[in-house]
Amino acid sequence: MNRTTGLVFAVFLACAGIAQAAQQDKKADAKETEVTTARNTAPSPAESKPAPVPATTDPAYVIGPEDVLDINVWKEPDVSRVVPVRPDGRISLPLINDVQAAGLAPQQLAAMVTEKLRKYFNEPQVTVIVTAINSQRVFVVGEVLRAGAFPLIPGMTVLQALSSAGGFTTFADVKKIHVMRLRDGKHVELPFNYRDVLKGDDPDQNMKLEPGDTVVVP
C-alpha cells in the first residue's frame, strides 16, 4: 500500500514538472515571437519615407524646370491646375496652351496667365504657388548618414543642409567640412568648422547655400 502511494505521488510530481516546463516553453516562445514581430515591423532606414519636398511663398523665388506649380483661377476650377514645369521650362494650361514659366517669379507668371485669360474671362484673378521646389538643389556628401541631393529651401544654411542629411557618422572630421561652390567657372572651397559654429566663435561660416553647392564632410 505504501509502495503504491509512493508510486502515485512520484507520477504526480513528474506530470506537474512536465506541465510547468511546457508552460515556460510557451512563455519563451511568446516572447521570441513578440521580439521577432517587433523587429519585422520596425521600419528600416531604407524604408523610411523621405521628407516631403517643401513649398515656398517667397515672392522673389525664380521658377525652374521640374518645379510643381498650383495655378488657381478664382471661380474657374476647369482652368485651375497643379502642373509640373517641363524640362523646357514651359507649362500647359487649358485655353492658353503652353506658357513659359522657368525664369519667372510666381507673381510674374500669374500676371502673364492673367493677361492671356482676358480673352476668355472678365477680369480673371490668378494666383501661382510653388508647391514643390525641385529645380534648385544642394548636395551633401561624405561622412553623413544620408548623403544625396536636397531641395534648396530659400535661406538654407550649411547647418540646415547637414541636418537634412541626418547628421554625421562616427568617422566624420567635423572641423574640416567645406562647401564646394562654382564661381566664374572654377570650383572654390569655403571652410566650415562645425564645432566653432556651434560655439558661436565663427557664425559667418554658417553661410547661406546657393543652387548647386556641395557640402563635403571628410
Side-chain angles (χ1 to χ4, degrees), residues 45-71 82-91 100-110 127-218:
E47 295 172 342
S48 299
K49 293 182 179 180
V53 179
T56 180
T57 56
D58 182 4
Y61 178 79
V62 177
I63 298 168
E66 299 185 11
D67 285 345
V68 179
L69 309 178
D70 183 355
I71 315 290
V82 175
V83 293
V85 182
R86 301 197 304 260
D88 63 359
R90 302 172 75 83
I91 60 174
Q100 181 67 31
L104 300 177
Q107 290 182 349
Q108 291 176 315
L109 179 58
T127 57
V128 176
I129 299 175
V130 182
T131 59
I133 300 173
N134 296 322
S135 61
Q136 298 188 12
R137 295 179 180 272
V138 293
F139 306 86
V140 184
V141 299
E143 296 296 333
V144 290
L145 297 180
R146 293 192 302 272
F150 300 90
L152 178 60
I153 303 171
M156 184 182 231
T157 64
V158 180
L159 274 179
Q160 291 171 335
L162 293 171
S163 176
S164 298
F168 308 109
T169 69
T170 56
F171 305 103
D173 188 347
V174 298
K175 295 182 179 181
K176 295 183 179 180
I177 299 171
H178 61 273
V179 177
M180 293 185 62
R181 178 173 294 173
L182 188 64
R183 283 182 178 172
D184 300 326
K186 296 181 180 180
H187 282 98
V188 296
E189 293 186 5
L190 308 174
F192 178 87
N193 187 319
Y194 178 76
R195 297 195 185 281
D196 285 351
V197 171
L198 284 191
K199 289 188 295 184
D201 293 343
D202 195 354
D204 291 340
Q205 288 190 51
N206 189 30
M207 67 199 80
K208 292 182 179 180
L209 296 175
E210 298 178 1
D213 280 354
T214 301
V215 182
V216 182
V217 182

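Rounded to the nearest 0.5 Å, atoms CG (L182) and NE2 (H187) are 5.0 Å apart. Rounding to the nearest 0.5 angstrom, the gap separating the OG atom in S135 from the OH atom in Y61 is 3.5 Å. If you take CE on M180 and CD on E189, they are separated by 6.0 Å, rounding to the nearest 0.5 Å.
When each of M207, R181, R137 is tested with D213 by the rule side-chain contact (heavy atoms from CB on, under 4.5 Å), just one qualifies, namely R181. The side-chain contact (heavy atoms from CB on, under 4.5 Å) test with I177 is passed by exactly one of L190, L162, N193, V197: L162.
Between V83 and I71, some side-chain heavy-atom pair lies under the 4.5 Å cut-off. Considering only heavy atoms from C-beta on, L109 comes within 4.5 Å of I91 through its side chain. V138 places none of its side-chain heavy atoms less than 4.5 Å from the side chain of T214. Between L69 and V130, some side-chain heavy-atom pair lies under the 4.5 Å cut-off. Residues D204 and D202 meet the side-chain proximity criterion, which asks for heavy atoms closer than 4.5 Å. Between T169 and L145 there is a side-chain heavy-atom pair separated by less than 4.5 Å. The shortest side-chain heavy-atom distance between V215 and F192 does not fall under the 4.5 Å cut-off.
Closest approach of M156 and S164 over heavy atoms only: CE-OG, 3.7 Å. Closest of all the heavy-atom pairs between A165 and F150 is CA-CZ, 3.8 Å. The two atoms that bring Q205 and V158 nearest to each other are O-CG2, 4.2 Å, heavy atoms only. Here the closest non-hydrogen pair linking A172 and F168 is CB-CB, 3.7 Å. Nearest heavy-atom pair across V141 and A147 is CA-CB, 4.2 Å.
A donor-acceptor pair under 3.5 Å is formed between the side chain of N134 and the backbone N or O of E66. T131 places a side-chain N or O within donor-acceptor distance of the main-chain N or O of V68, the cut-off being under 3.5 Å.
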Report task. Test salt bridge (Lys or Arg N to Asp or Glu O under 4.0 Å) on D184 and K186 and set out the steps. Result -> CA-CA 6 Å; D184 300 326; K186 296 181 180 180; over 6 Å; no
Requested in this report: Carefully, step by step, assess R195 and V174 under the rule side chain to side chain contact (heavy atoms under 4.5 Å, CB included).
Outcome: CA-CA 7 Å; R195 297 195 185 281; V174 298; 3.6 Å; yes
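Around atom CD of Q100, more than 12 heavy atoms belonging to other residues, nucleotides or ligands sit under 6.0 Å away. By the 6.0 Å contact criterion, OH on Y194 is open, its count of non-hydrogen atoms from other residues, nucleotides or ligands being 12 or less.
The residues K175 and D173 are annotated as not salt-bridged, no charged nitrogen and carboxylate oxygen being separated by less than 4.0 angstrom.
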